[in-house]
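The figures here come from the full heavy-atom set of this structure, side chains too, leaving out hydrogens, waters and symmetry mates. By convention in this document, chain letters (A, B, ...) are assigned in the order of the sequence lines, proteins followed by strands, and residues within each chain are numbered from 1. Bear in mind that the values here come from a model prediction, so they are computed numbers and not experimental data.
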2 protein chains.
Amino acid sequence: MMFGDFRLDAQEREALNAISSKIHKPAKCRIYAQDEPARYLYIIRSGAVRLEYQREDGRNQIFAFLWADNMFGTAENGLYRASAVTLIDTYLFQIPYPALRTLIEFRPRIQTLFLQHALKYTRATERHVLLATYPLVTKRLAGFLLECSKQADFFDRRSHILTLAMDRKDIADYLGIALETTSRTLKVLEDMDLIKRLSSQRMQINTEQIRIMISQ
Amino acid sequence: MMFGDFRLDAQEREALNAISSKIHKPAKCRIYAQDEPARYLYIIRSGAVRLEYQREDGRNQIFAFLWADNMFGTAENGLYRASAVTLIDTYLFQIPYPALRTLIEFRPRIQTLFLQHALKYTRATERHVLLATYPLVTKRLAGFLLECSKQADFFDRRSHILTLAMDRKDIADYLGIALETTSRTLKVLEDMDLIKRLSSQRMQINTEQIRIMISQ
DNA sequence: CGTTCGGTTGATTCCGTTCAACGCGAGTGG
DNA sequence: CCACTCGCGTTGAACGGAATCAACCGAACG
């Protein structure tokens, strides 16, 4: 990575802190809506957020699920490109764009942080493309579970138990499939002994076997 | 956009120029390969490039088609994430990463340029997700043609004639469909009077009607 | 004139969508 | 406490669209 080792120094961190406010949102709460003027940039302190895009034809596409330490709220022509909605109880940093721009003029080095995050988000979106274009839905979903299991907060490495913060519709809208297919395919994965469903939101997953299945 | 109005000043441009070399690649030439150590960042002066990702299962996924003024060559853990291949005769700026890092330490403001490009690429990738997840292939391909028609170098606004720099396989690998489907779907679009094929690489396209079709 | 490569077309198969019904737990009010 | 509803997840049957495998076409090239 280009700036993998970058860290803000104490002064920079404080300067950024000075213009940020800490805010809280309960679960299933809209933080902002698509096409609304982009006033703030957000950083997740804890919780989870989905970015969703409303298509002209009425369907919904989820661009990303975001976790602690991720950033969101980038704009296109001054407007938010997608809506941001909390999946669960979430705490955020809220940074007003005008103040941020001023800060960056004085301390251009801070941009590295944002460049770092932009590159991270881009990689995630590329992985998203890879998932969403698997011709077989089993691979899409299996790959999605692997992706989720990278989130330490929601995956226990000992017991291999994954807790999903999103519902079936969210998964379907992320992978571009019908929500019934999500259900059915989870069953297929269970029949292949790749996962064991404990409840609708919790499952034990066999990461090794899943990886093998995907690469075939 | 966050830094839509940013421009390098004369000094900065010169400093960046000093560490860049101008190189040339003929059509269908590999610039670098996936998983190779990332030594250079590239900016396209003229021409067109595709970024392609080789999957474990042997299939190929194209991440993006890039045109003049675009940047590519970002790394993950020091390695290129995808291969870069020219579609046509292409002229590039080649910027070595070590020199770039040093330059940025002295002139951190230059980073804005890279942040700008990263955000632009991210938006393109999000549009890619939207295209690749249309349930109907006709919409995927139609949307792709619209996307291509944004490139002034390859689309004549008067005659509405689009020149494709990529072949059928590339389009298929970009949209996640079979190459035969690309052919068939072009025929469907022609039967719907949305396009008129002049040759395999050139076609006249009805952007208005296509937009309407997609939003239904 | 034969070869090769990219593009097109055809027939069959299969996978995911659609529309519909059903199950189940949580919350609510009588 | 039970009946009812509501949201969410699951299951079933029929349909349709894209993949696959195969053949074919035409232009470029030696």
### Task
Starting at OG1 of A:Thr163, measure out to CD of A:Gln201 and round the result to the nearest 0.5 Å.
8.5 Å
### Query
Rounded to whole angstroms, how far apart are CZ on A:Arg202 and P on D:dG9?
16 Å
### Task
Please test B:Ile44 against B:Leu66 for side chain to side chain contact (heavy atoms under 4.5 Å, CB included), starting from the C-alpha separation and ending with a verdict.
CA-CA 8 Å; B:Ile44 302 178; B:Leu66 302 175; 3.7 Å; yes
### Task
Identify, with sequence neighbours excluded, every residue that meets side chain to side chain contact (heavy atoms under 4.5 Å, CB included) alongside B:Asp69.
B:Lys120
### Query
OP1 or OP2 of D:dT11 less than 4.0 angstrom from a side-chain nitrogen or oxygen of A:Lys187, does that happen here?
yes
### Query
Heavy-atom distance under 4.5 Å between the side chains of A:Leu175 and A:Thr181, does that happen here?
no
## Note on the structure
Sequence neighbours excluded, the answer for ring pair (Phe, Tyr, Trp, His ring centres under 6.0 Å) partners of B:Tyr174 is B:Phe65, B:His128, B:Phe144
### Summary
Protein heavy-atom contacts under 4.0 Å, written 5' to 3' over nucleotides 25-30 of chain D as B (base), S (sugar-phosphate only) or - (none), form the string ------
### Task
Can you tell me the distance, in whole Å, between the CG atom of B:Leu179 and the C1' atom of D:dA22?
13 Å
### Parallel, tilted or perpendicular: ring planes of B:Phe63 versus B:Tyr53, cut at 30 and 60 degrees
tilted
### Query
Any donor and acceptor pair, going by atom type alone, linking the side chain of B:His160 with main-chain N or O of B:Ile205 inside 3.5 Å?
yes
Name the pairs: protein N/O against N/O of nucleotides 16-18 of chain D, kept only if under 3.5 Å.
residue	atom	partner	partner atom	Å
D:dA18	OP1	B:Val137	N	2.8

#### Entry: the helix from C:dC1-D:dG30 to C:dG30-D:dC1: angle between end helix axes, five pairs per end, rounded to 10 degrees
20°
### Query
Between B:Asp167 and B:Lys28, does a side chain to side chain contact (heavy atoms under 4.5 Å, CB included) hold up when you go through it step by step?
CA-CA 11 Å; B:Asp167 61 23; B:Lys28 311 221 170 198; 4.1 Å; yes
### Task
Could you pull out all residues at least two apart from B:Ala124 that satisfy side chain to side chain contact (heavy atoms under 4.5 Å, CB included)?
B:Arg127
### Task
Give one of base, sugar-phosphate or nothing for B:Arg197, where a contact means two heavy atoms less than 4.0 Å apart.
sugar-phosphate
### Query
Listed in order of residue number, which residues of residues 160-167 of chain A have a non-hydrogen atom at under 4.0 Å from DNA chain D?
A:Asp167
### Summary
Whole-Å distance, A:Glu180 CD to D:dC15 P, equals 17 Å
### Task
Kindly compute the distance separating CD (B:Gln94) from NZ (B:Lys25), expressed to the nearest 0.5 Å.
7.5 Å
### Query
Side chains of B:Arg197 and B:Leu186: closer than 4.5 Å at any heavy-atom pair?
yes
### Message
Rounding to an integer number of Å, can you tell me how far A:Lys169 NZ sits from D:dT10 C1'?
### Response
17 Å
### Task
Look at atom NZ of B:Lys22 and say whether more than 12 heavy atoms of other residues, nucleotides or ligands are closer to it than 6.0 Å.
no
### Task
Heavy atoms of chain A, cut-off under 4.0 Å: which first and last nucleotide of DNA chain C, 5' to 3', fall inside that, if you could look?
C:dG16 to C:dA20
Expected list for residues 206-216 of chain B: side-chain donor-acceptor pairs under 3.5 angstrom, two or more places apart:
residue	atom	partner	partner atom	Å
B:Asn206	OD1	B:Gln209	N	3.3
B:Ser215	OG	B:Arg211	O	3.4
B:Ser215	OG	B:Ile212	O	3.0

### Summary
Taken in chain and number order and not counting sequence neighbours, the residues that satisfy side chain to side chain contact (heavy atoms under 4.5 Å, CB included) with B:Ala33 are B:Arg30, B:Glu36, B:Ser83
### Query
Side-chain N or O of A:Arg184 less than 4.0 angstrom from OP1 or OP2 on D:dT11?
no
### Query
Quick one: ring pair (Phe, Tyr, Trp, His ring centres under 6.0 Å) partners of B:Tyr80, sequence neighbours excluded?
B:Tyr32
### Query
Taking only residues two or more places apart in sequence, or in another chain, which ones meet A:Thr133 in a side-chain hydrogen bond (donor to acceptor under 3.5 Å, both in side chains)?
B:Arg55, B:Gln61
